[in-house]
Amino acid sequence: KEEKPFHFTNKDYRGLFQNDTLRWQLPSEFKRVYRDKLWRKGAPPVSLSPDDVQFVIDRYDDGIYLTDQFLGEVFKTIENKDLLKNTIVIITAEHGEEFGEHGYMAHYDIFDPEIHTPLIINIPGIPKRRVKEQVATVDILPTVFEALGISANTEIDGKSFLTYLKKNGLPENFRPYAFIERTPLMETLMVDSSNIKDELLGDFLMNDGINHFRDVGIRTDKWKLIYRESRQIQEKYSWWRRLSGDKTPIPEFELYNLSD
């Protein structure tokens, strides 16, 4: 397998990232390139062109493509060893990515592109179906415990949805609320704290270590409310706002109708 597959990427691309084609392990690589090329060199705010955005999306799609090949080999091995009939397979993700939907790139917030992650579960003997009702990642562990017949010795977050998978899907009120928290803020991950040359970032890291800045949210299947506890901190320290020159005030609350 190629380390840097170009299955979707336009090899004739000529733009901001043309001399650094980005490894397929985006977007951490994207942040590194953007940071090193622009932020640390004190460059003025830069807007990504449509070609730049498409290039980043294509590199991400190449990563998905390569991951799919790896998973295919894993499943083939399991099947060849006649283990699939006795194996629970769960595929999920830590987070998703933004590609300009809210004015920035990478996983920087708790909007749905970041938190509405895939969840694919294959349990032998249970019919395949799509479940549209909301669940949370904390529900996965108790579901696995029940499927394996394991009793937890201590109270755990989440609740099993195994019974509903065996029937006709989840009831509408299975997970009426999902709670989301964003901490630490992305700024913490953007620098090597042992070699801080940026006074603003150093100031942020010191304050964040004491206060643990965060945003929180709550989501139903139709509505989502975000409370920006850290809005003033973001307005002062945000690496993305600093790169882009965006000075728009951040609201305290954001309410979204997910149906629309």
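Each residue takes its place number in the sequence, starting with 1.
Using modelled atom types, one side-chain atom of Thr220 and one backbone atom of Trp223 make a donor-acceptor pair closer than 3.5 Å. Not one N or O on the side chain of Thr9 forms a donor-acceptor pair closer than 3.5 Å with the backbone of Lys11. Distance alone, capped at 3.5 Å, is enough to place a donor-acceptor pair between the Asn257 side chain and the Ser259 backbone. Remark: the backbone N or O of Asp203 is paired with a side-chain donor or acceptor of Asn207 at under 3.5 angstrom.
For Arg129 against Lys167, the heavy-atom pair with the smallest separation is NH2-O, 2.5 Å. Nearest heavy-atom pair, Phe99 versus Val53, reported as atom, atom and distance to 0.1 Å: O-CG1, 4.1 Å. When every heavy atom of Lys224 is checked against every heavy atom of Asp112, the shortest pair comes out as NZ-OD1, 2.9 Å. The shortest heavy-atom contact between His102 and Pro113 is CE1-CD, 4.0 Å. For the pair Ile110 and Gly217, the tightest heavy-atom approach, listed with the atom from each and the gap, is CD1-N, 4.1 Å. The two residues Glu97 and Glu101 have their closest heavy-atom pair at O-OE2, 4.5 Å.
For the 3.5 Å distance criterion, the side chains of Glu114 and His107 fail to qualify, holding no donor opposite an acceptor. No hydrogens or angles considered: nothing links the side chains of Thr77 and Asn80 as a donor-acceptor pair under 3.5 Å. Between the side chains of Asn173 and Glu133, no donor-acceptor pair of N or O atoms lies under 3.5 Å. Tyr237 and Asp208 are not linked by any side-chain donor-acceptor pair at a separation below 3.5 angstrom, with hydrogens and angles left out of the test.
Distance check: Asp62 CG to Phe8 CZ gives 6.5 Å after rounding to the nearest 0.5 Å. A distance of 9.5 Å separates CD in Glu235 from OG1 in Thr248, rounded to the nearest 0.5 Å. The CZ atom of Arg175 sits 13.0 Å away from atom CG of Asp221, with the distance rounded to the nearest 0.5 Å. Arg219 contributes atom CZ, which lies 7.5 Å from atom CD1 of Ile180 (distance to the nearest 0.5 angstrom). Here Leu84 contributes atom CG and Lys81 contributes atom NZ; the two are 13.5 Å apart, rounded to the nearest 0.5 Å. We find the CG-CD distance between Asp139 and Gln134 to be 9.5 Å, quoted to the nearest 0.5 Å.
By the 30° and 60° cut-offs, the orientation of the rings of Phe174 relative to Phe161 is perpendicular. Classified by interplanar angle (parallel below 30°, tilted 30° to 60°, perpendicular above 60°), the ring pair Phe111/Tyr256 is perpendicular. Ring geometry for Phe55 against Phe17 counts as parallel: the plane angle stays under 30°, on a 0 to 90° scale with 60° as the upper cut.
Crowding of Asn86 atom CG: a count of heavy atoms from other residues, nucleotides or ligands under 6.0 Å not exceeding 12. No more than 12 heavy atoms of other residues, nucleotides or ligands sit less than 6.0 Å from atom OH of Tyr164. Residue Lys159 qualifies as enclosed at atom NZ: its count of foreign heavy atoms under 6.0 Å is above 12. Surrounding OH of Tyr227 are more than 12 heavy atoms belonging to other residues, nucleotides or ligands, all under 6.0 Å away. By the neighbour-count criterion of 12 heavy atoms within 6.0 Å, atom CD of Glu181 is densely surrounded, having more than that number from other residues, nucleotides or ligands.
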For this session: Please report the C-alpha distance between Val144 and Ile90 in whole Å, then the side-chain angles of each, then the deciding distance to 0.1 Å, and finally whether the side-chain contact (heavy atoms from CB on, under 4.5 Å) criterion is met.
Result: CA-CA 9 Å; Val144 173; Ile90 301 176; 3.4 Å; yes

Problem set entry | Derivation and outcome, side-chain contact (heavy atoms from CB on, under 4.5 Å), residues Arg214 and Arg182 | CA-CA 5 Å; Arg214 66 175 191 163; Arg182 178 167 85 106; 5.8 Å; no

For this session: Under the side-chain contact (heavy atoms from CB on, under 4.5 Å) rule, what do Thr137 and Glu94 come out as? Steps first, then yes or no, please.
Result: CA-CA 9 Å; Thr137 51; Glu94 179 184 7; over 6 Å; no

For this session: List the steps, then state whether side-chain contact (heavy atoms from CB on, under 4.5 Å) holds for Asp68 with Ile64.
Result: CA-CA 6 Å; Asp68 186 60; Ile64 296 174; 5.5 Å; no

Problem set entry | Residue pair Tyr13, Asp52: steps toward the side-chain hydrogen bond (donor to acceptor under 3.5 Å, both in side chains) verdict | CA-CA 8 Å; Tyr13 162 79; Asp52 292 331; 2.5 Å; yes

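The shortest side-chain heavy-atom distance between Ile57 and Gln54 falls under the 4.5 Å cut-off. Put simply, the side chain of Asp61 does not reach to within 4.5 Å of the side chain of His7, judged on heavy atoms. Counting only heavy atoms from C-beta outward, the side chains of Ile91 and Leu119 never approach each other to under 4.5 Å. Looking only at side-chain heavy atoms (C-beta outward), Thr92 and Ile120 stay at 4.5 Å or farther from each other.
Salt-bridge formation is not detected for the pair Arg231/Asp215: no Lys NZ or Arg NE/NH1/NH2 atom is positioned less than 4.0 Å from an Asp or Glu carboxylate oxygen. Salt bridge annotation for Arg228-Glu252: absent, with no cationic side-chain nitrogen under 4.0 angstrom from a carboxylate oxygen.
Tracing side-chain contacts under 4.5 Å through hydrophobic residues (I, L, V, M, F, W, Y), one reaches Ile121 starting from Ile126; they form part of the same cluster. No single ILVMFWY cluster, assembled from side-chain heavy atoms under 4.5 Å apart, contains both Ile250 and Phe204. Hydrophobic clustering (side-chain heavy atoms under 4.5 Å, transitive across Ile, Leu, Val, Met, Phe, Trp, Tyr) keeps Leu66 apart from Val74. A chain of hydrophobic side-chain contacts below 4.5 Å, direct or via other Ile, Leu, Val, Met, Phe, Trp or Tyr residues, connects Leu162 to Val135. Tyr108 and Val216 are members of different hydrophobic clusters when ILVMFWY side chains are connected at heavy-atom separations under 4.5 Å.
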